[in-house]
J.: 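Handing you a structure now.
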Amino acid sequence: MKILVSADMEGATGVTWPADVLPGAPQWERCRPMFTGDVNAAVAGFFDGGADEVLVNEAHWTMRNLLLEQLDDRAVLLTGRHKALSMVEGVQHGDVDGVAFVGYHTGAGSEGVLAHTYLANSITGVWVDGARASEGRLNALVAAEFGVPVVLVTGDDLTCEDAKGYAPAARTCAVKDHVSRYAAVCRTPAVTAAGIRAAARDAAALAVREQPASTPHELEVEFDAEHLAGAATVVPGVRRTGERRVAYGSPDMYEAIRCFKAVTTVVSAAVEETYG
């Protein structure tokens, strides 16, 4: 049994505000061991549950945040940027039986600690096939296309609630309770490690490959400024649907997520200092 752990940072133990996840910031350095601890707890739990292999894919910002020297020796780490499937790179090779979303968060326009979708700001909402979509929902659809079920989700309490909408069978573990976008009631690392490990152990039983499900999808993205919608239409196939909205269709989720990445890259380049 092989598990892919997609590891984001905003939903990690103790993380509540931007400096906690901004590479180079003192608070980021302080939070990196807690982030690594969450991942280690998931790795340990999956091996407790019978996993033979665990691949950890870094999914936050520069994708160089986890501390390799502190990682469980039984796991291997995929670190760095520019990966074909970004946050769920590795799911496409036909050898992964289940995927875990560790340190995830809610989507742009929703309540939740450090809620966003791909871009920290600028995007105010993403919808796939008419349903509001977090990164978890988007990545779950990508994984499903390759027959891989989401078996574990960790983050704040609202992230765990969000997971019920796209992976109802998955085990969840809340490491903190949402108070505001920048505040949470946090459990200590020892407590969250025990919870994540237990959830991952139970989740291992759910890691059974399914029939791949490749279907067309329609994505819509809303921005916080009109000019960003205009900038996004530079990407072929992206059309304007409103003053601050764009949409595009894709034959499958593989193409949809790659187009979404292109849109966010172009929009990031169009954001100006202070005014956005």
Side-chain angles (χ1 to χ4, degrees), residues 5-22 25-46 56 58-61 65-66 87 99-121 123-126 131-140 150-203 206:
V5 174
S6 174
D8 205 357
M9 195 171 184
E10 285 87 358
T13 294
V15 168
T16 60
W17 73 311
D20 291 340
V21 297
L22 185 63
Q27 280 294 108
W28 171 73
E29 289 288 3
R30 172 179 168 269
C31 290
R32 292 176 75 193
M34 290 191 284
F35 178 33
T36 306
D38 285 3
V39 169
N40 277 340
V43 171
F46 282 120
V56 179
E58 280 239 27
H60 174 68
W61 207 287
N65 308 275
L66 290 169
M87 298 180 75
V99 61
F101 296 162
V102 174
Y104 268 50
H105 49 82
T106 54
S110 301
E111 284 190 300
V113 178
L114 293 172
H116 69 283
T117 305
Y118 269 61
L119 302 183
N121 287 305
I123 290 177
T124 56
V126 177
R132 185 179 283 275
S134 61
E135 291 170 9
R137 182 180 291 273
L138 292 173
N139 291 331
V150 178
V151 299
L152 174 70
V153 179
T154 79
D156 71 4
D157 57 327
L158 298 185
T159 299
C160 293
E161 188 66 26
D162 178 56
K164 294 178 182 178
Y166 62 80
R171 299 296 184 262
T172 60
C173 181
V175 302
K176 55 200 170 193
D177 296 330
H178 165 266
V179 173
S180 74
R181 195 180 187 208
Y182 303 121
V185 177
C186 296
R187 299 152 182 69
T188 64
V191 171
T192 60
I196 293 172
R197 184 169 185 169
R201 182 189 62 233
D202 293 344
L206 304 174

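Numbering starts at 1 and runs along the sequence shown. Remember, predicted model here, so these are calculated numbers, not experimental data.
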J.: List the atom of Ala42, the atom of Ala200, and the distance in Å for their closest heavy-atom pair.
T.: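 Answer, listing the atom of Ala42 first, then Ala200: O-CB, 3.5 Å.
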
J.: Taking all non-hydrogen atoms of both residues, which atom of Ala170 and which atom of Leu206 are closest, and how far apart?
T.: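 Scanning both residues, the minimum pair turns out to be CA-CD1, 4.2 Å.
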
J.: Would you call Arg32 and Met9 a side-chain contact if the rule is heavy atoms closer than 4.5 Å?
T.: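 Contact flag for Arg32/Met9 side chains = yes.
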
J.: On a heavy-atom basis, which atom in Gly14 and which in Asp20 lie closest, and how many Å separate them?
T.: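 Of all heavy-atom pairs spanning Gly14 and Asp20, the closest is O-OD2, 3.8 Å.
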
J.: If only atom types and distance count, is the side chain of Asp38 paired as donor or acceptor with the main-chain N or O of Phe35 below 3.5 Å?
T.: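 Not confirmed, Asp38 side chain does not pair with Phe35 backbone.
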
J.: For Tyr118, enumerate each residue passing the ring pair (Phe, Tyr, Trp, His ring centres under 6.0 Å) test, keeping only those at least two apart in sequence or located in another chain.
T.: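 Tyr118: ring pair (Phe, Tyr, Trp, His ring centres under 6.0 Å) contacts with Phe260.
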
J.: Check whether any side-chain heavy atom of Arg132 lies under 4.5 Å from a side-chain heavy atom of Arg137, and answer yes or no.
T.: no

J.: Using the six-membered ring wherever Trp is involved, compare the ring planes of His116 and His105 and label them parallel, tilted or perpendicular (cut-offs 30° and 60°).
T.: parallel

J.: Name every donor-acceptor pair, under 3.5 Å, that has one atom in a side chain of residues 151-160 and the other anywhere in the protein, sequence neighbours excluded.
T.:
{"residue": "Thr154", "atom": "OG1", "partner": "Gly103", "partner atom": "N", "Å": "2.9"}
{"residue": "Asp156", "atom": "OD1", "partner": "Leu158", "partner atom": "N", "Å": "3.2"}
{"residue": "Asp156", "atom": "OD1", "partner": "Thr159", "partner atom": "N", "Å": "2.7"}
{"residue": "Asp156", "atom": "OD1", "partner": "Thr159", "partner atom": "OG1", "Å": "2.7"}
{"residue": "Asp156", "atom": "OD2", "partner": "Val113", "partner atom": "N", "Å": "2.9"}
{"residue": "Asp157", "atom": "OD1", "partner": "His178", "partner atom": "N", "Å": "2.7"}
{"residue": "Thr159", "atom": "OG1", "partner": "Thr106", "partner atom": "N", "Å": "3.3"}

J.: Between Thr117 and Ala108 (side chain of the first, backbone of the second, donor and acceptor by atom type, cut-off under 3.5 Å), is there such a pair?
T.: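 A pair under 3.5 Å: yes.
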
J.: Just wondering, do Leu114 and Pro18 contact through their side chains at under 4.5 Å, heavy atoms?
T.: yes

J.: Is there side-chain contact between Tyr166 and Ser134, with heavy atoms separated by less than 4.5 Å?
T.: yes

J.: Please give me the minimum heavy-atom distance between Glu135 and Asp8, naming the atom from each residue.
T.: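 Closest heavy-atom pair between Glu135 and Asp8: OE1-OD2, 3.3 Å.
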
J.: Per the salt bridge (Lys or Arg N to Asp or Glu O under 4.0 Å) rule, what does the pair list look like for residues 175-199, sequence neighbours excluded?
T.: Asp48-Arg197, Asp177-Arg187

J.: Check whether any side-chain heavy atom of Leu22 sits under 4.5 Å from a side-chain heavy atom of Trp61, and report yes or no.
T.: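 A side-chain contact exists here, since the closest heavy-atom pair is under 4.5 Å.
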
J.: Given side-chain contact (heavy atoms from CB on, under 4.5 Å), test Asn65 with Trp28 step by step and report yes or no.
T.: CA-CA 9 Å; Asn65 308 275; Trp28 171 73; 3.0 Å; yes

J.: Side chains of Ser110 and Asp162: closer than 4.5 Å at any heavy-atom pair?
T.: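 Side chain of Ser110 against side chain of Asp162, heavy atoms only: no contact under 4.5 Å found.
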
J.: Is a side-chain donor or acceptor of His60 paired with a backbone partner of Glu58 at a separation under 3.5 angstrom?
T.: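 Pair absent, no side-chain N/O of His60 close to backbone of Glu58.
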
J.: To the closest 0.5 Å, what do you measure between SG (Cys31) and CH2 (Trp17)?
T.: 10.0 Å

J.: Determine the minimum heavy-atom distance between Val179 and Ala184, stating which atoms define it.
T.: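 Scanning both residues, the minimum pair turns out to be CG2-CA, 3.9 Å.
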
J.: For a quick test of reading the model, state the closest non-hydrogen atom pair linking Ala41 to Ala193 and the distance between them.
T.: CB-O, 3.4 Å

